Amino acid sequence: MASHIVGYPRMGPKRELKFALESFWDGKSSAEDLEKVATDLRASIWKQMADAGIKYIPSNTFSYYDQVLDTTAMLGAVPDRYSWTGGEINLSTYFSMARGNATVPAMEMTKWFDTNYHFIVPELAPSTKFSYSSHKAINEYKEAKALGVDTVPVLVGPVSYLLLSKAAKGVEKSFSPLSLLSSILPVYKEVIAQLKAAGASWIQFDEPTLVKDLESHQLSAFSAAYSELESALSGLNVLVETYFADVPADSYKILTSLSSVTAYGFDLERGTKTLELVKSGFPAGKYLFAGVVDGRNIWADDLAASLATLQSLEAVVGKDKLVVSTSCSLMHTAVDLVNETKLDDEIKSWLAFAAQKVVEAYFSANAAALASRRSSPRVTNEEVQKAATALKGSDHRRATTVSARLDAQQKKLNLPILPTTTIGSFPQTVELRRVRREYKAKKISEEEYTNAIKEEISKVVKIQEELDIDVLVHGEPERNDMVEYFGEQLSGFTFTANGWVQSYGSRCVKPPIIYGDVSRPNPMTVFWSKMAQSMTARPMKGMLTGPVTILNWSFVRNDQPRFETCYQIALAIKKEVEDLEAGGIQVIQIDEAALREGLPLRKSEHAFYLDWAVHSFRITNCGVQDTTQIHTHMCYSNFNDIIQSIINMDADVITIENSRSDEKLLSVFREGVVYGAGIGPGVYDIHSPRIPSKEEIADRVNKMLAVLDTNILWVNPDCGLKTRKYAEVKPALTNMVEAAKQIRAEL
Ligand code: GLN
Ligand code: ZN
């Protein structure tokens with residue numbers, strides 16, 4: 001059976017591209033240096049796939065920044081503000097669009113479906129002119145060919161490109177980017193003609209928007225586009241690749257009736273219903289690229305399960321038309337297990353990163369490892385499983401209403417109206433990072449480490465007292481990352497040295513791996529929180545990361561449903577919450593920064609996800625007394641569609657990011673009034689070094705007071721202050737507290 005790879009990580013096994021890009025941006029190396037690193041990376045990837053015996057090897061999945069931006073460059077759809085005057089788009093114009101330059105801001109960036117990858121959103125207007133302006137696809141095809149590798153060039157499909165675009169400023173109301181379909185197709189035709197002339201026999205169009213709930217005019221655009229391209233495509237094998245979810249039945253019908261298309265790629269890892277669709281009808285004589293190797297996780301493939309799937313498809317599609325593929329581009333998984341020298345051998349044998357996933361031999365070698373994973377006592381903890389199973393079906397809700405609880409809390413806390421607080425972290429200095437690193441490397445003793453952190457906490461407490469903030473935080477100096485910190489102390493987690501995944505541009509994240517049942521052997525934060533509380537008479541917030549966020553920012557085990565793993569984490573956090581309460585901490589914040597991120601792509605699956613996610617959050621704190629105040633924090637503001645779920649979380653106080661979208665939130669706040677909980681919409685943006693003035697903050701607070709009750713509004717920044725400098729944080733918080741005081745005096 002032939003095999004295919006949808007796409008491959010660009011960063012390199014040791015993030016070579018990241019360092020080359022950042023050095024180029026800093027002016028420390030030349031464009032030639034950068035190109036050399038890129039060329040070497042591409043060559044090694046193609047060679048690796050060819051050596052592994054992959055038949056359909058992709059090209060043009062490399063990128064200096066993002067594949068959607070590459071398509072914008074190909075189409076010459078450069079927004080006017082970059083003053084591009086035509087010709088082949090150079091690095092300077094390209095990176096200006098991606099990152100902005102001294103005079104012009106960057107284009108908008110947004111999340112790529114439900115992954116942690118971010119793409120550059122095309123900005124289109126009726127006046128946008130298209131011309132073939134980046135020859136990257138043909139150049140990469142020829143480059144591989146010169147190395148002896150005949151590749152499948154990959155393009156972002158024309159319809160997905162337009163559906164992912166936004167209308168430029170000024171035409172938002174009157175214009176839909178999809179109306180430009182017939183204007184961009186001529187450029188696609190030119191690209192196709194060149195690829196054909198250069199000898200390509202296959203072409204791949206990525207059309208992932210096909211997994212979304214589309215309207216009928218959007219679906220018609222697919223038929224229109226691929227029939228318009230039909231004559232250009234004749235003589236080529238054409239693969240339309242979808243990924244990340246099931247293809248809805250109506251879309252499947254349209255897609256499989258496109259006569260210019262000869263092959264279909266489906267994600268059979270997340271798209272189990274698609275499998276049923278294929279079995280109930282697949283066009284004769286066409287290829288099926290069966291995405292059975294999970295491109296979004298790090299687990300070795302379940303050979304037996306994949307083989308069973310492939311065998312059942314063989315009967316439908318025919319042996320010579322069935323191709324083994326990855327569920328999506330491998331850019332969403334880690335790069336190469338070879339570099340994990342510290343990971344223990346048993347766990348290592350259960351894993352496959354991108355490099356291992358392309359090795360066909362792995363298909364046969366991994367059967368034994370898989371059996372070991374299933375039977376390993378390291379994976380299973382019966383007590384945890386029983387406890388998590390017992391949770392299903394029950395409610396787990398605090399007994400009293402939020403208003404009654406807030407009253408009880410206020411009697412103890414005695415806070416002023418418009419209480420001020422911060423979200424958790426304070427600036428992380430170079431010195432702090434050094435202390436943590438040296439402790440980890442056992443270069444300094446436990447005592448030295450504890451003293452250094454204690455000193456930092458005491459500094460942060462003093463600053464907050466001087467600023468006259470009402471509810472304090474300890475500043476999180478002992479934490480490197482809000483998920484990793486907890487994962488390292490929970491059982492069932494492991495960590496890689498180089499398991500990086502691209503997030504955007506040169507930025508990568510290194511998610512922990514949850515491989516087994518999760519439990520909490522020891523308290524994780526109680527020592528530091530109690531220490532911090534002992535330094536002040538003001539309430540000190542305990543600071544935890546919530547179960548849904550820990551889950552959504554990790555590689556999650558695939559041998560049980562996500563919700564089960566989430567319930568297990570919830571039980572672990574619940575223990576921590578209760579220990580904090582017993583330790584005298586009266587206010588506990590449980591961050592759910594990533595709750596919304598986990599929302600499934602298909603609307604039909606939202607309710608189920610939200611139900612177990614919100615339930616998990618409630619499990620963590622349903623056991624505390626009325627007088628213990630539970631806060632939660634969320635890093636996004638577009639939750640109009642999930643407001644009911646936010647209310648269902650039943651937190652006492654919610655702090656949310658807000659500074660970039662005042663208006664949208666107002667309607668949400670109104671619902672908040674009904675709910676009765678405290679609400680702290682961020683009063684200034686912590687993502688920018690800019691220091692907000694007292695007047696500007698007061699103005700924000702007054703706007704919120706126009707729709708919110710005075711007694712439920714909190715005053716706080718948008719998010720944690722970890723990435724800022726003290727020189728920015730101190731004046732910004734001074735202005736924030738003064739603004740709150742001024743308004744209190746006016747009320
Ligand atoms: N408590 C965390 C902090 O302040 C929250 C971070 C986040 O929401 N991303 O850093
Ligand atoms: Zn945040």
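Whatever order the structure lists them in is the order used to number ligands and atoms, beginning at 1. Nothing here was measured: the structure is a model prediction, and the numbers come from that model.
Ligand 1 has E476 within reach: a non-hydrogen atom of the residue lies less than 4.0 Å from it.
Listed by atom number, the atoms of ligand 1 under 4.0 Å from M482 heavy atoms are 6 (C), 7 (C), 9 (N). Near C635, with a cut-off below 4.0 Å to any heavy atom, the atoms of ligand 1 are 7 (C), 8 (O), 9 (N). Distances below 4.0 Å separate heavy atoms of M543 from the following atoms of ligand 1: 1 (N). When each atom of ligand 1 is checked for a heavy atom of H633 under 4.0 Å away, the hits are 8 (O). Every atom of ligand 1 is numbered from 1 in the order shown, and the set under 4.0 Å from a heavy atom of G720 is 3 (C), 4 (O), 10 (O).
For the residue pair L580 and G542, the shortest heavy atom distance occurs at CD1-CA, 4.3 Å. In terms of heavy-atom proximity, R405 sits nearest to D652 at NE-OD1, 2.8 Å.
A donor-acceptor contact closer than 3.5 angstrom links the side chains of Q629 and H631. A side-chain donor from one of D66 and Y117 sits under 3.5 Å from a side-chain acceptor of the other.
The residue among D591, V483, T545, V473 with a heavy atom at the shortest distance from atom 2 (C) of ligand 1 is D591.
Within the 4.0 Å heavy-atom criterion, neither part of M634 lies near ligand 1. Heavy atoms of S425 found under 4.0 angstrom from ligand 1 belong to the backbone as well as the side chain.
Looking at L721 next to ligand 1, no N or O pair under 3.5 Å apart turns up.
A donor-acceptor contact shorter than 3.5 Å links the side chain of S554 to the backbone of I550. Within the 3.5 Å criterion, the main-chain N or O of T627 finds no donor-acceptor partner in the side chain of Q586.
For the pair R296 and F244, the cation-pi test (distance below 6.0 Å, angle within 45°) is passed.
When distances from the Zn ion (ligand 2) to the N, O or S atoms of H633 are compared, NE2 comes out shortest.
The SG atom of C719 and the SG atom of C635 subtend an angle of 120° at the Zn ion (ligand 2), given to the nearest 10 degrees.
Using bins of under 30°, 30° to 60° and over 60° for the plane-to-plane angle, the ring pair F608/F563 lands in the perpendicular bin.
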